[in-house]
Novice: 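I am attaching a structure below and will ask some questions about it afterwards.
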Amino acid sequence: MPTVLITGAGRGLGLEFVRQYAAQGWRVHACARRPEKAEASKGEVLTHPLDVRDAGQIAALRDALAGEAIDLLINNAGIYGPRGASIANVSDADWLEVFHVNSVAPLRVASALAENVAKSGLKLMVFITSQLGSIARMGAGVQPYRMSKAALNAGVRGLSLELAGRGITSVVFHPGWVRTDMGGAGAALDPKTSIAGMRAVIARLKASDNGRFLDYDGAEIPW
């Protein structure tokens, strides 16, 4: 039975990842600040409290899972930050919190659990980003979020090179514009479609895909 660990698993995309992988017979570690909703998923779901901003909780998760193989690590936890704020009026504290959650924390989690992934059969790390972090497609507005995702993309690109020698494949995914609390009611995709698309692409990832930036349907996105 393959094992997946998902951060931000209490709602939205993370919760849908939990539901779909559990329904397919995977052993699921669902990590969230409030993981109660994930507990109701059908299948083998183990919940863990995890605020990705808390280094102590990341270390506790690493220690709790010491020696366990994790085939697929999905770094999904993220925040949007202040909505409608311009560069002129967003505070440094808000800006840095977005960077901490979206850019720094996923790499901290990946580093803490790299040994678990390396000892697995699949050896996959997936990071949920956004096409808003593509410099080639950069637009105006929501700069803290855009910049945090561009930084995540750069960090994963470097991490992919660092971990390649251990056989680990690392990929960043744009999940599409999805109807979640973050995406809003007017988004084009429902969570089931987004997650099903990413799962299909994840299932066929190879070592040659290491470091790629992909849409939820597998299309390449420019950096």
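Computed from heavy atoms alone, side chains included, the values below leave out hydrogens, waters and symmetry copies.
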Novice: Walk me through whether T7 and V109 qualify under side-chain contact (heavy atoms from CB on, under 4.5 Å).
Specialist: CA-CA 9 Å; T7 68; V109 172; 4.3 Å; yes
Novice: What's the spacing between C31 SG and Q57 CD if we round to 0.5 Å?
Specialist: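 Result: 10.0 Å between the selected atoms.
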Novice: Membership question, hydrophobic clusters at under 4.5 Å side-chain separation (ILVMFWY): are V156 and I58 in the same one?
Specialist: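 Per the 4.5 Å side-chain linkage, I58 and V156 are co-clustered.
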Novice: Does the pair N153 and F213 meet the rule for a side-chain contact (heavy atoms from CB on, under 4.5 Å), with working shown?
Specialist: CA-CA 8 Å; N153 295 347; F213 184 1; 3.5 Å; yes
Novice: With heavy-atom distances below 4.5 Å as the criterion, would you say the side chains of Y145 and L132 are in contact?
Specialist: yes
Novice: Are H29 and I6 close enough, and set up right, to give a side-chain contact (heavy atoms from CB on, under 4.5 Å), and what steps lead you there?
Specialist: CA-CA 6 Å; H29 291 287; I6 302 156; over 6 Å; no
Novice: Does D51 use its side chain to pair, donor to acceptor, with the backbone of A32 at less than 3.5 Å?
Specialist: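 Here the side-chain-to-backbone pair does not exist.
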Novice: Roughly how far, to the nearest 0.5 Å, is the CE atom of M147 from the OG atom of S103?
Specialist: 9.0 Å
Novice: Atom OG1 in T169, atom NZ in K206: separation rounded to 0.5 Å?
Specialist: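 Answer for the OG1-NZ pair, T169 versus K206, is 10.0 Å.
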Novice: N76 side chain to G8 main-chain N or O, any donor-acceptor pair under 3.5 Å?
Specialist: yes
Novice: Hey, could you give me the OG/CG distance between S130 and L152, rounded to the nearest 0.5 Å?
Specialist: 10.5 Å
Novice: Which heavy atom in P35 sits nearest to a heavy atom in A30, and how many Å separate them?
Specialist: CB-O, 4.2 Å
Novice: Could you check whether any side-chain heavy atom of R11 comes within less than 4.5 Å of a side-chain heavy atom of R34, counting everything from C-beta outward?
Specialist: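 Sidechains of R34 and R11: no contact.
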Novice: Does R83 count as lying over the ring of Y80, i.e. NZ or CZ under 6.0 Å from the six-ring centre, within 45 degrees of the axis?
Specialist: yes
Novice: Look at the side chain of S148 and the backbone N and O of F99, then say whether any donor-acceptor pair between them is shorter than 3.5 Å.
Specialist: no
Novice: Between K119 (side chain) and G67 (backbone), is there a donor-acceptor pair under 3.5 Å?
Specialist: yes
Novice: Decide whether W223 and F127 are clustered together by the hydrophobic rule: side chain heavy atoms of Ile, Leu, Val, Met, Phe, Trp, Tyr closer than 4.5 Å, transitively.
Specialist: yes
Novice: Can a donor-acceptor pair be found between the side chains of E16 and Q20 at a distance below 3.5 Å?
Specialist: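 Their side chains do contain a donor-acceptor pair, which is all the 3.5 Å distance test asks for.
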Novice: Considering only NZ, NE, NH1 and NH2 on the basic side and carboxylate oxygens on the acidic side, decide whether R62 and E115 come within less than 4.0 Å.
Specialist: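 A salt bridge is absent here (no side-chain N lies under 4.0 Å from a carboxylate O).
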Novice: If you compare all heavy atoms of G133 against all heavy atoms of K149, which two are closest, and at what distance to 0.1 Å?
Specialist: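 That would be CA-CB, 3.9 Å.
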Novice: Checking R199 against Y21: charged group under 6.0 Å from the ring centre and within 45 degrees of the axis?
Specialist: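 Verdict for Y21: a cation-pi partner in R199.
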Novice: In sequence, state the C-alpha distance, the side-chain angles, and the governing distance for L5 and L113, and then conclude on side-chain contact (heavy atoms from CB on, under 4.5 Å).
Specialist: CA-CA 10 Å; L5 185 144; L113 300 177; 3.9 Å; yes
Novice: Under 4.0 Å between a Lys/Arg side-chain N and an Asp/Glu carboxylate O for R27 and E68?
Specialist: yes
Novice: Any non-hydrogen side-chain atom of V18 less than 4.5 Å from a side-chain atom of V45?
Specialist: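 Yes, close enough: below the 4.5 Å cut-off.
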Novice: If hydrophobic clusters are built from ILVMFWY residues whose side chains come within less than 4.5 Å, do L73 and I168 share one?
Specialist: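 Cluster IDs for L73 and I168 match.
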Novice: Per the side chain to side chain contact (heavy atoms under 4.5 Å, CB included) rule, which among I128, I79, N75 passes with N102?
Specialist: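 Single side chain to side chain contact (heavy atoms under 4.5 Å, CB included) partner of N102 among I128, I79, N75: I79.
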Novice: What distance separates L50 CG from R33 CZ, expressed to the nearest 0.5 Å?
Specialist: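 Separation between the atoms: 10.5 Å.
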Novice: If you take all heavy atoms of V117 and L124, which pair is closest and at what distance?
Specialist: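 Scanning both residues completely, I find the closest heavy atoms to be CG1-N, 3.7 Å.
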Novice: Can you give me the closest heavy-atom contact between P82 and V98, atom names plus distance?
Specialist: CD-CG2, 4.4 Å
Novice: Show the nearest heavy-atom pair for residues S170 and N210, with the distance to one decimal.
Specialist: N-OD1, 2.8 Å
Novice: Atom CE of M198 and atom CG of L13: how far apart are they, to the nearest 0.5 Å?
Specialist: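 It comes to 5.5 Å.
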Novice: With side chains defined as the heavy atoms from C-beta onward, is the minimum distance between R212 and L205 less than 4.5 Å?
Specialist: no
Novice: Determine, using the 4.5 Å side-chain heavy-atom cutoff (strictly less than), whether L72 and I195 are members of one ILVMFWY cluster.
Specialist: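 Same hydrophobic cluster.
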Novice: Restricting to non-hydrogen atoms, name the atom on R146 and the atom on R137 that form the minimum distance, rounded to 0.1 Å.
Specialist: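 In this case the closest contact between R146 and R137 is NH1-O, 4.5 Å.
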Novice: Considering only heavy atoms from C-beta outward, does the side chain of R108 approach that of V52 to under 4.5 Å?
Specialist: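 Side-chain contact under 4.5 Å: no.
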Novice: Does CG belonging to L161 count more than 12 external heavy atoms closer than 6.0 Å?
Specialist: yes
Novice: So, does S194 use its side chain to make a donor-acceptor pair with the main chain of G176 at under 3.5 Å?
Specialist: no
Novice: Can you tell me if R166 uses its side chain to pair, donor with acceptor, with the backbone of A118 under 3.5 Å?
Specialist: no
Novice: Same cluster for V201 and V126 if Ile/Leu/Val/Met/Phe/Trp/Tyr side chains link at under 4.5 Å?
Specialist: yes
Novice: Taking D217 for its side chain and G197 for its backbone only, find out whether a donor-acceptor pair lies under 3.5 Å.
Specialist: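 No; zero donor-acceptor contacts below 3.5 Å.
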Novice: Counting C-beta onward and ignoring hydrogens, is there a side-chain heavy-atom pair between E220 and L214 closer than 4.5 Å?
Specialist: yes
Novice: Could D190 and K192 be called an ion pair, given the rule that one side-chain N must be under 4.0 Å from one carboxylate O?
Specialist: no
Novice: With the side chain counted from C-beta on, respond yes when L61 and D63 share a heavy-atom pair under 4.5 Å apart, and no when they do not.
Specialist: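 No. Closest side-chain heavy atoms not under 4.5 Å.
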Novice: Is any side-chain heavy atom of V4 closer than 4.5 Å to one of F17?
Specialist: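 They are not in contact (no side-chain heavy atoms under 4.5 Å apart), so the answer is no.
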